[in-house]
Amino acid sequence: MFAEVIVDVAAYPIDRPFDYSVPEMFQTIIESGSRVKVPFGNRQVLGFVTALKSDTDVPLDKQKPIGELLDIEPVLTEEMLAMTKWLKRHTLCYEIDALQVMLPSALRAKYEKILRIVDSNAELPQSVQALFQGKDSVELKADESKELLSTIKKLIKDQILVLETAIKQKTAVKKVRMVQIEADVNRLKEIHENVSNQAKKQKDVIKWMIDHAGERIILADVIKNLQTSNAVLQGVLEKGAATLELEEVYRDPYADRTIDVSKKHSLTDEQHLALSEIIHSYDQHEAATFLLHGITGSGKTEVYLQAIERSLKDQKEAIVLVPEISLTPQMTNRFKERFGSLVAVLHSGLSTGEKYDEWRKIKRGEVKVVVGARSAIFAPFQNIGLIILDEEHEGTYKQDDSPRYHARDVAIWRSEYHHCPVILGSATPSLESYARAKKGNYSLLTLSKRPREQALPEVSVIDMREQLKNGNRSMFSLELADAIRLRLEKGEQMVLFLNRRGHSSFVLCRDCGTVVECPNCDISMTYHRHQERIKCHYCGEESQVPNSCPQCSSEHIRFFGTGTQKVEEEIARFFPTARVLRMDVDTTRKKGSHEHILKQFGDGKADILLGTQMIAKGLDFPNITLVGVLSADTTLHLADFRAAEKTFQLLTQVSGRAGRHDKKGEVVVQTYTPDHYAIQFAKYHDFISFYNQEMMNRKQFAYPPFTFVVLIQITHEDVLMTAEYAHKAANWLRENLSNTAEIIGPTASSISRVQNRYRYQCLIKYKKEPMLPDVLQQLIRIYRTDWLKKGILMSIDLNPSSIM
DNA sequence: AGCACGCCGACT
DNA sequence: GTCGGCGTGCTC
């Protein structure tokens with residue numbers, strides 16, 4: 001018996017199955033989808049069994065046996081193995097990358113180099129003895145000194161030491177120590193009798209145990225509740241009154257929370273219609289995709305909940321994706337309220353162990369609904385009834401490193417596999433999805449009304465050029481300042497939005513015009529006042545704020561551009577009574593801090609919530625009556641064909657935060673380009689007109705959805721090398737693709753250097769290019785066999801979410 | 001000769 | 001990706 005194994009080595013010639021013989025002892029239990037340890041070259045690596053067979057073409061002298069079978073129950077299902085092949089072809093990634101992305105990181109291997117003494121009689125040099133500290137094996141870390149490493153090398157050659165690779169699972173199943181109390185009361189009484197009266201504490205414990213015979217209690221709880229000590233308990237255990245056992249437990253990220261149960265809401269006519277279409281398709285076991293276009297506050301979530309309820313009735317499972325779940329506890333709570341313990345939650349805020357535990361609950365079928373961010377689309381359910389992508393237009397559904405998959409595509413693939421519907425929900429659908437819905441590839445469902453008929457908020461667009469002309473140089477227009485003041489007087493809450501964190505976006509010398517740039521990246525450093533430092537938002541480089549210009553030594557350096565920190569100060573200056581909460585990457589780094597800030601705001605502990613994009617989504621507080629967008633222009637002028645779409649989406653999303661309940665909402669949008677159609681259509685909440693206008697632009701410039709786009713990026717430490725190989729790539733594409741494919745570039749990327757690597761890119765635009773996968777595959781081969789050695793890095797992104 | 005360093009090929 | 005093997009070229 002032989003197993004085809006994909007080994008955990010991401011390299012070009014390795015990206016195929018290797019055949020291993022299956023030792024007798026594993027033959028009855030091994031299955032495809034299991035993880036194995038295999039010898040590979042002169043080391044041990046982790047691998048995934050992708051197939052089993054009785055014969056192999058591998059010559060006898062090359063056949064090696066599987067070393068260890070790591071899973072009795074395979075971690076990958078047949079579906080996942082099929083999905084892997086598809087992902088590999090559609091994102092051009094290594095098969096091992098596609099396999100690993102389906103699993104929680106706890107199941108990935110951690111490799112350790114173990115140095116062991118084989119010849120214990122040999123005399124070891126002082127430095128090596130210090131390393132071993134009397135033990136016969138130690139972990140060899142890569143950061144040891146060069147001299148030590150070369151001495152070790154010599155000792156290995158002389159067969160005094162050996163180097164071994166150990167494979168460790170990153171995180172284990174959590175076990176808790178349980179006290180299993182003897183079930184036989186008479187036996188306990190007997191033990192109680194025999195304990196000497198000197199051991200009073202032990203006697204007390206045993207006496208208590210007589211009343212709890214046969215019970216199984218967490219050790220830590222026993223000690224705590226009986227006010228006793230571990231030493232006393234050990235004594236009791238020795239006498240046989242109880243035994244110690246390990247029990248598997250789940251880490252529970254929601255342990256300290258009580259969640260109320262909620263009933264279903266009654267539906268509006270529109271909601272009802274949408275739901276019945278979805279359920280109809282569900283009953284037919286159709287792999288249909290629905291685009292649920294519902295204005296903000298129109299009750300999309302209630303439609304999701306009731307559709308899931310339907311699938312739960314049949315014991316089927318549901319996957320719900322949300323953009324980045326830790327940002328919207330309000331959303332997860334709604335699912336927990338409705339479905340209780342049937343819900344698993346997966347998001348980046350969980351620890352490796354917590355994610356692993358949620359994953360196991362899903363795999364074992366202990367939960368039926370998973371609510372999670374992008375990677376939750378790979379949830380190991382076996383009988384899916386429904387898949388939902390909320391805010392389907394969000395860029396976070398596209399992974400921006402290998403495998404560069406889009407969760408929407410995976411969702412549709414899985415829906416075909418399980419013959420179940422997919423719901424894509426959004427107030428501002430992506431142009432791609434809306435175009436597909438109009439063409440009939442997706443079914444369009446519309447929610448145009450809010451359930452309690454609340455009006456959409458009034459949006460006023462303020463021309464900041466006029467403000468400047470009239471002598472208002474502050475960041476608040478008169479209109480916005482008035483609106484804020486009014487809310488403060490009335491005790492209502494507001495959200496202020498600015499898409500830029502930090503204090504000032506650049507530091508400029510007023511004598512020579514020098515802008516302080518990151519030493520590693522071609523981008524200006526952002527000033528952070530709290531730590532009094534400047535930071536690069538791309539590579540994380542930090543340094544002291546210079547006292548003088550690094551170029552001309554002038555002391556006339558000033559801070560320009562506005563970030564959230566500066567707004568916070570300005571609010572304090574203009575509205576001294578206002579209580580402000582700032583929410584951006586800098587204030588939410590700690591685990592649970594999102595929730596903490598939102599809870600404070602929800603409890604009315606602040607008047608103003610000030611933040612970056614992360615406050616645009618999902619917030620639902622009844623007392624918010626004003627949303628202020630301090631500068632609508634930041635996303636508008638990006639060098640990306642989706643800039644207008646992103647701006648429209650963002651404005652619509654933030655506007656939707658105001659007046660969701662009984663109180664009427666107002667939105668003030670400040671901009672230097674008030675006439676731009678993205679801003680104008682957002683003012684009137686008019687998605688359809690925006691769509692039509694934007695589609696005309698896309699058509700004119702041949703961008704998606706009229707074409708498909710592939711982004712190829714080349715990076716190298718040397719500019720000339722980068723440009724040279726970018727040209728090679730572009731030329732090669734021009735020679736090999738049909739002349740209906742347009743190849744743009746190569747051009748320097750808009751941030752031309754990041755982390756000391758120069759970046760060039762080219763863009764392929766095509767309508768129909770049947771040879772494209774092959775041509776790209778060949779380009780990858782040239783790259784991996786030749787260019788990679790010269791230090792060139794190339795990435796290919798099919799349907800990129802941004803071309804910057 | 002002894003070794004550091006870089007390049008190449010193999011890995012079932 | 002990571003190892004060993006091998007050639008080159010430097011140093012004692």
Side-chain angles (χ1 to χ4, degrees), chain A residues 1-24 26-27 30 32 34-70 88 92-101 105 108-116 125 127 139-159 161-168 170 401-403 717-718 721 780-795:
Chain A
M1 193 188 207
F2 297 91
E4 290 187 3
V5 175
I6 299 291
V7 293
D8 182 15
V9 177
Y12 178 66
I14 312 303
D15 190 25
R16 62 183 178 86
F18 283 80
D19 292 353
Y20 283 85
S21 64
V22 180
E24 193 76 43
F26 300 145
Q27 292 205 352
I30 196 164
S32 50
S34 291
R35 293 172 308 148
V36 286
K37 260 187 214 177
V38 289
F40 192 71
N42 46 4
R43 61 208 162 113
Q44 298 285 317
V45 294
L46 186 102
F48 293 91
V49 178
T50 53
L52 292 165
K53 55 190 184 183
S54 52
D55 292 305
T56 179
D57 301 332
V58 176
L60 208 66
D61 61 316
K62 287 198 171 177
Q63 288 176 15
K64 286 187 190 176
I66 284 172
E68 213 174 302
L69 179 62
L70 294 168
K88 179 182 182 178
L92 304 169
C93 67
Y94 291 119
E95 194 161 343
I96 189 68
D97 284 343
L99 285 164
Q100 308 250 43
V101 80
S105 60
R108 279 174 222 167
K110 193 177 144 226
Y111 295 94
E112 254 174 30
K113 287 181 180 172
I114 305 288
L115 202 55
R116 205 159 54 81
S127 58
E139 187 191 343
L140 182 65
K141 299 200 180 76
D143 57 358
E144 299 291 357
S145 72
K146 267 198 171 160
E147 298 98 288
L148 186 60
L149 285 176
S150 71
T151 338
I152 289 169
K153 222 175 189 175
K154 219 177 291 166
L155 290 167
I156 292 171
K157 218 178 211 161
D158 298 343
Q159 303 198 326
L161 302 178
V162 281
L163 196 55
E164 294 165 346
T165 36
I167 306 179
K168 288 205 169 146
K170 275 192 182 156
D401 50 79
S402 176
E717 288 171 9
D718 180 76
M721 283 282 280
I780 289 173
R781 193 164 76 210
I782 298 171
Y783 156 66
R784 285 177 185 165
T785 51
D786 187 15
W787 301 1
L788 202 54
K789 290 175 198 142
K790 301 187 171 76
I792 298 283
L793 289 180
M794 179 178 82
S795 72

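Residue numbering restarts at 1 for every chain, and letters A, B, ... go by the order of the sequence lines.
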- Task: Could you tell me whether A:R108 and A:D8 make a salt bridge, using a distance below 4.0 angstrom between a side-chain N and a carboxylate O?
- Result: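 Salt bridge absent between A:R108 and A:D8.
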- Is the closest side-chain heavy-atom distance between A:Y111 and A:V45 below 4.5 Å?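 Counting from C-beta outward, A:Y111 and A:V45 do come under 4.5 Å.
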- Note, A:V22 side chain near A:V49 side chain (heavy atom, < 4.5 Å):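 No - every pair of side-chain heavy atoms lies 4.5 Å or more apart.
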Please round to the nearest 0.5 Å and tell me the distance separating atom [atom1] of [X] and atom [atom2] of [Y].
{"X": "A:L92", "Y": "A:I780", "atom1": "CG", "atom2": "CD1", "result": "4.5 Å"}
{"X": "A:D401", "Y": "A:D97", "atom1": "CG", "atom2": "CG", "result": "9.0 Å"}
{"X": "A:M721", "Y": "A:I792", "atom1": "CE", "atom2": "CD1", "result": "4.5 Å"}

Please enumerate all protein N or O atoms sitting under 3.5 Å from an N or O of nucleotides 7-11 of chain B, with distances to 0.1 Å.
unit_1	atom_1	unit_2	atom_2	d
B:dC11	OP1	A:K62	NZ	2.8
B:dC11	OP2	A:K62	NZ	3.4
B:dC11	O3'	A:G41	N	3.4

- Message: Among A:K88, A:R16, A:E95, exactly one meets side-chain contact (heavy atoms from CB on, under 4.5 Å) together with A:I6. Which residue is that?
- Response: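 The passing option is A:E95.
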- Message: Under 4.0 Å, heavy atoms only, any strand: does A:R784 hit a base, just the sugar-phosphate, or nothing?
- Response: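 The answer is nothing, as A:R784 stays clear of every strand by at least 4.0 Å.
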- Message: Under 4.0 Å, heavy atoms only, any strand: does A:N42 hit a base, just the sugar-phosphate, or nothing?
- Response: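 Sugar-phosphate contact only - A:N42 comes under 4.0 Å of backbone atoms but never of a base.
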- Item | Residues that A:Y20 engages under ring pair (Phe, Tyr, Trp, His ring centres under 6.0 Å), provided they are two or more places apart |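 Listed in chain order: nothing, the list is empty.
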- Name the first nucleotide and the last nucleotide along DNA chain C (5' to 3') that come under 4.0 Å of a heavy atom in chain A.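 Answer, 5' to 3': C:dG1 to C:dG4.
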